[in-house]
2 protein chains.
Amino acid sequence: MPRPDRTDQRRKELIPIIAKAFAELGYRRATTAKLAKRCQVRENILYRLWRDKKAMFVAAIDHVYQQSADTWQRILAEADDEAGPAERLLAYEAKHYGESGLHPIIFAGLSETNEPEIREAMEKMYSRFHGFVRQQIKEHRKQRGGSVEPDAALCAWAIVGLGNVANISRELGLLTGSGRKRLFAQVGSLLLGGQTA
Amino acid sequence: MPRPDRTDQRRKELIPIIAKAFAELGYRRATTAKLAKRCQVRENILYRLWRDKKAMFVAAIDHVYQQSADTWQRILAEADDEAGPAERLLAYEAKHYGESGLHPIIFAGLSETNEPEIREAMEKMYSRFHGFVRQQIKEHRKQRGGSVEPDAALCAWAIVGLGNVANISRELGLLTGSGRKRLFAQVGSLLLGGQTA
DNA sequence: ACTTATCGTAAGCGAATACTTACATTATGA
DNA sequence: TCATAATGTAAGTATTCGCTTACGATAAGT
C-alpha cells in the first residue's frame, strides 16, 4: 500500500555525518539546525529518526566504537605476518590513531554525563574498548607464556588512557605525529608485555 | 578617598566556588545565573571581575593546576621517608586522586577548545602537568642510575593518561576505588621505573 | 487510479541564556 | 563631612536553541 519504511537505512546514512558534526563542534555547539544543514535535510526529519538530540548523540557515541571495531576486525583478518594480533593492532594504531576524526565525540560525551542516557552510552563504550584491549593483552601474554604483571585489566586501562592522551595531545598540538607514534610503540609494548617476573 | 579596590581578593575568594560549579555542571550547563547564585552575588558583579564567562572558565582551569601543584608541594615538603619523592607522589595520588572533585573541568575544557583562549589555557595546563611528571621521572631515574626506556617524556604522557582514565572510570563507575589504587600503584611504578636495559 | 503512509518544506513558539543598563548604597581618605 | 569610586540590586533585551505543528508532495500496493 503506502511507501516502504526506510527509517533504518536513513539512520545509517546520516549517522556518520551527525557523528562528524558532534566531533567537530561538541554537543552544545552542534545545534539541531546545524546537524540538519549538514545532513541536507530539515530539522524536522531528524526528529522523525530520533526522539531527540540526546538520542542522536547516543547514536554517534555508538558509531565511534563501531567504527573502531570494524577497523580492528579488518586488521585482524588481513593477518599473517610474523607479528601477533596484538602487536599488529598496536602498530596500526601507532600510525593511524585518531585519523577518523571521530574521537572528540568522547570529549563531548564526558561533559554530558549528567544525562543518564549519555552516561550509559559512554559507560558501554568504554567498557567495550577496555574489554577488547584486555582480551588482546591476555591472548598475547598466553602466547608468550610466563607470569606477567601488572594485571591485564589494569594494563588495558592504561592503554585506553594512552589513546586518550594521544587524542588530547593531537587536539592541543602537544605532541607531533611521530611523538604519538613513539608513544604507542614504546609505552604500548611495555604495557602489552608487562614485566616478566 | 574612595573605597579600596578588593577586586583581586574577591576573585580569589570566588574562583573555588566557580571552579566547583564548572566541574559539576560542565561549561554550558554552568549558566552565569547559576554561577552567581552559588557565589551568592548577582551576575553583574561576576562581570565586573571577569570580562566574560570564558574568562571565568579559564580562571577555573588555572585553578585546577594550581590546586594540584600546591598539594604536591606539600607532599614533597612533608618528606623524609625511605621512599623517594616520585614514589611518594605516586602513592599519594593512588589514594587521593580526584578527591578535589575539580577534574571534570578538564572534560569540560576539552570540548571547548574551539575557543582560542580556552584552548590556550588547556594547552598550558597539560604542559605543566606533563612537565612536572616528566621532571619527577627523570630525577627518580637519575637516582637509580642505569639507562631506562621508554623515554621519560613518553612515560610522563602515559602517566597523565593514567590520571585521565582514573577520572573517567570514577565518573562512569567503571573502576572501584581499590581498582584505581592498584592502577596507580602497579602501572604507575612500571612507568616510573621503565624497563632496565 | 486511488488510497495511504512516508517524505519533504516552511514557519513558529516558548524557554533559556549571556550580557547590559540604570540606579541605589556603602565605605573610604582627605 | 563630603566627594568619589567601589559594591549591591533589579530589571531587561536580543538572540539562540530544541522541538513542534501544519501542510503539501511523493511513491508504493491493490
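Heavy-atom basis, side chains included; hydrogens, waters and symmetry copies ignored. A note on names: the letters A, B, ... follow the listed sequences, proteins ahead of strands, and every chain is numbered from 1. Treat the numbers as computed from the prediction; the structure is a model and nothing was measured.
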>> For A:S100 and A:Q67, which I'm curious about, is there any donor-acceptor pair between the side chains at under 3.5 Å?
In response: no

>> Side-chain N or O of A:T32 versus OP1/OP2 of D:dG18: is the shortest distance under 4.0 Å?
In response: yes

> In whole Å, what is the span from the CG atom of A:L14 to the C1' atom of C:dG8?
Replying inline: 13 Å

>> What is the distance, to the nearest angstrom, from the CZ atom on A:F22 to the P atom on D:dC17?
In response: 13 Å

> Which of these passes side chain to side chain contact (heavy atoms under 4.5 Å, CB included) with A:H140: A:L192, A:V148, A:L89?
Replying inline: A:L192

>> Measure CZ/A:R42 against C1'/C:dG12 and give the value in whole Å, please.
In response: 14 Å

> Can you list every pair that meets side chain to side chain donor-acceptor pair (under 3.5 Å) and has a residue in residues 115-125 of chain B, with sequence neighbours left out?
Replying inline: A:R29-B:E115, B:K54-B:E115, B:K54-B:E117

> Would you say a side-chain N or O of A:R6 is under 4.0 Å from OP1 or OP2 of C:dC7?
Replying inline: no

> What's the CG-P distance between B:D5 and C:dA27, to the nearest Å?
Replying inline: 17 Å

> Please give, in whole Å, the distance from D:dT15 P to A:K34 NZ?
Replying inline: 17 Å

> Do the side chains of A:Y126 and A:I106 get nearer than 4.5 Å, heavy atoms only?
Replying inline: yes

> A:D8 CG to C:dT6 P: how many Å, rounded?
Replying inline: 12 Å

>> Measure CZ/A:R29 against P/D:dT16 and give the value in whole Å, please.
In response: 13 Å

> Atom NZ of B:K37 to atom C1' of D:dA10: distance rounded to whole Å?
Replying inline: 15 Å

> Which of residues 43-55 of chain A have a heavy atom under 4.0 Å from DNA chain C?
Replying inline: A:N44, A:I45, A:R48

>> Does either side chain, that of A:E139 or that of A:Q143, offer a donor lying less than 3.5 Å from an acceptor on the other one?
In response: no

> Is there side-chain contact between B:N167 and B:F107, with heavy atoms separated by less than 4.5 Å?
Replying inline: yes

